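Structure, as structure tokens:
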Amino acid sequence: MLLTVVVVGVLLGCGGPESDRTRIRIWHQKLTVERLILEDAVAAYNADQDSVFVETLYKENEELRNLFVTAAVGGQGPELVYGPADNVALYAATETIRPLDDLFGPEFFDQFEEDGRVELGDSTWIIGDQIGNHLALVYNRELIPSPPETFSEFIKMGEKLTADTDGDGQIDRYALTWNYTEPYFFIPFLTGFGGWVYDDEGQPSLDTDATVKAIQFILDLRDKYKIIPREGDYDIANLLFMDGRAAAIINGPWSWSGYEEAGLDFGLARIPKMDETGLWSSPMVAVKGYAVNVNLPDRKIPAVRDVIEMLTSAKMQVKMASRLATTPVNKAALRDSTVLQNELLQESTRQIEVGRRMPLEPSLRQIWDGARGPYQLVMNGSVTAEEAARMMQEKIEKLIADTFL
Amino acid sequence: VIVVAVVAYPFFYNVVLSFSNANIYHLRDWKIIGLAQYVAVLSDPIFWNILWKTIIWTVVNVVFHVGLGVFLAVVLNQHFVVGKPAWRTLFILPWAIPQYITALTWRGMFNYEYGAINLLITQYLNLPAVEWLRSPFEAFVAVILTNIWLGFPFMMVIALGGLQSIPGELYEAADVDGASEWRKFWTITAPLLKPVMIPAITLGVVWTFNNINIVWLVSNTGEPNDQTHILVSYVYKAAFNMYRFGWAAALSMVIFGILFVFTQIFLRRTRATEAVY
């Protein structure tokens, strides 16, 4: 009896002024200030009209992808899902998103740079609110007045920056840090030596000279030049940089607003060139944006269309660019004077110019998972760079074969 | 109806899935393929390697949980201990704190350069720092240490309850016979604790065998190189990272079989359900 009363009470409590409105749910993985900007925009939208009610829910990227697929396969899930372009491969393979061409005509897509739309096959699956998701060199201006162009310059500079400041025999400040545990952060080193995760035939290709050289280069930074810490996951690396115990960090746009909030005087620069090849250390570059759940009922299409237009509008992208230094994909936003004059954004764009588009292959998932373990083993000294490259390739191939069972 | 919805349906759905080819490419159009997933699980060397680790993980954890728990319970049950409620509260704290907070705190403490464990080892014991989270063996030890810390309070609470139900006259009679403390423990305390502890140990084995949280959080999803996985964490990874649903369902059934057989044999051989008095 009591339970019935509680359940009825809860159900009644769900009915509010928004209950008559078309409900649009968005699952996203926006962090900190970016999340606040989204929530502010949604709150203003909800207050401005009385036919649609938008709800946002944050989920960590991995969790977001998994839960969305599970929910959508079961005929449920949010109407909109936000995330990086590489999710499209999974969503398309699992048939969990609906082509945006069902909702919009060419005049809508024409508002965006070609790079701002994620297309696979003959369809557009994601419309971006930014392009990037790219790693760059973030440096502390007090310690590095002018960022180096090549790694040899950086190493020379780094040997002075790395210091035992209190004389206790332990290093208190390193020149550079990043997340060693994730192969995504290894990509700029790989590309700096001319490597890539796929060969020309589109097959995973990690057992290459470039991989070996890139791994060896990182080991040299740590063991020979001693300018990076021995260990570093994302949180540790971030803390070191925030505390001034690392002069520079390799990190992405999701972190920059946090550094600003912390009052750090920092700048962005391209990750330096590799002297041996003369190539820039190119990070992967991906659009981040909105996709539509395949289960979206037709009656909600006008509301979803309206919400997407609002979230990808020039106004929204300018706001994001000025507060987060994200690179807009809306053509009108790119012409805006605030965007054109944003110094951080200009530096970020310079990094994007030498980045490489993230592949939209379902097997990218196996590449990350297959490369991660051997990358960690080589960093702890269990295997050599050559062994790690071979192990990466073998593991990736096994994971791909296993997935098809 | 609730039991059918939350227990029976998922269980039988998992059984069906374990005979299917459900994966990232066949999420909507999966079909039954017989025993292929079971064959794949049992013929994969990784399964046997992780099963072996899971057994070590379970045995070491439960031995320490029970050993430490009973030891602390016996000590706290002594008349000479002052401030018993305070001690009890202190020892229960690891159990009362949410697991993920404890796990992430320990992960921070195991950091090579900045973690509290290595600072203690190097500065106070003058020993070299240990690469806790980067080397497979040390990482596995780190995960076990964290779980020992989390698990002993439960056994202590159970043992304390059991100790308080043992009649004092038995110890008085033993005193009259001149029995030593050691003899009293093995002839009175241990046999009378058994009916309480055996079900707790059985539960402890099942919980520890299936404890994904600590492994997942302390080792950051089985790092390095998937060397710190136990079976359940590997199932999770196979299902939700690799989208190998059929394979993961088959492995889940194998885990269920292992635990079912263990529980039946253990309870029967220890005669835990029989009355003592």
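These figures come from a predicted structure and were not determined experimentally. Chain identifiers are assigned alphabetically (A, B, ...) following the order of the sequence lines, protein sequences preceding nucleic acid strands; residue numbering begins at 1 within each chain.
- Of the atoms belonging to L104(B), not a single heavy atom falls under 4.5 Å from chain A.
- Note: F189(A) and F217(A) have tilted aromatic rings, judged against thresholds of 30 and 60 degrees for the angle between ring planes.
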### Task
Take W178(A) and Y180(A) through the test ring pair (Phe, Tyr, Trp, His ring centres under 6.0 Å) and record every step on the way to the result.
CA-CA 6 Å; W178(A) 70 89; Y180(A) 299 163; 5.1 Å; yes
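- Looking only at atom types and distance, the side chain of Y234(A) has a donor-acceptor partner in the side chain of N251(A) under 3.5 Å away.
- For R245(A) and Y114(B), the positive end sits near the middle of the six-membered ring, less than 6.0 Å away and at most 45° from its axis.
- Counting all heavy atoms, side chain and backbone alike, A246(A) lies closest to T177(A) at CB-CG2, 3.6 Å.
- Both the backbone and the side chain of N66(A) come within less than 4.5 Å of a heavy atom in chain B.
- Only the side chain of D44(B) comes within contact range of chain A, with heavy atoms under 4.5 Å apart.
- E223(B) touches chain A through backbone and side chain together, each having a heavy atom under 4.5 Å away.
- For D233(A), the part lying near chain B is the side chain, with the backbone staying farther off; criterion is any non-hydrogen pair under 4.5 Å.
- Chain A forms the most heavy-atom pairs under 4.5 Å with one residue out of Q227(B), E131(B), R28(B), and that residue is R28(B).
- Neither the backbone nor the side chain of L239(A) comes within less than 4.5 Å of any heavy atom in chain B.
- Taking chain A as the reference chain and counting heavy-atom pairs below 4.5 Å, the highest number among N225(B), L27(B), N220(B) is found for N225(B).
- Residues N211(B) and N147(B) have side chains that bring a donor and an acceptor to within less than 3.5 angstrom of each other.
- Looking only at distances, no side-chain donor or acceptor of Q37(B) sits under 3.5 Å from a matching main-chain atom of F19(B).
- With respect to chain A, the highest number of heavy-atom pairs below 4.5 Å among N111(B), D226(B), T221(B) belongs to N111(B).
- For E62(A), the part sitting under 4.5 Å from any heavy atom of chain B is the side chain, from C-beta outward, and nothing else.
- Contacts between R230(A) and chain B at a heavy-atom distance below 4.5 Å involve backbone atoms as well as side-chain atoms.
- Only the side chain of Y243(B) has a heavy atom closer than 4.5 Å to any heavy atom of chain A.
- Less than 6.0 angstrom separates the ring centroid of F154(B) from the ring centroid of W207(B).
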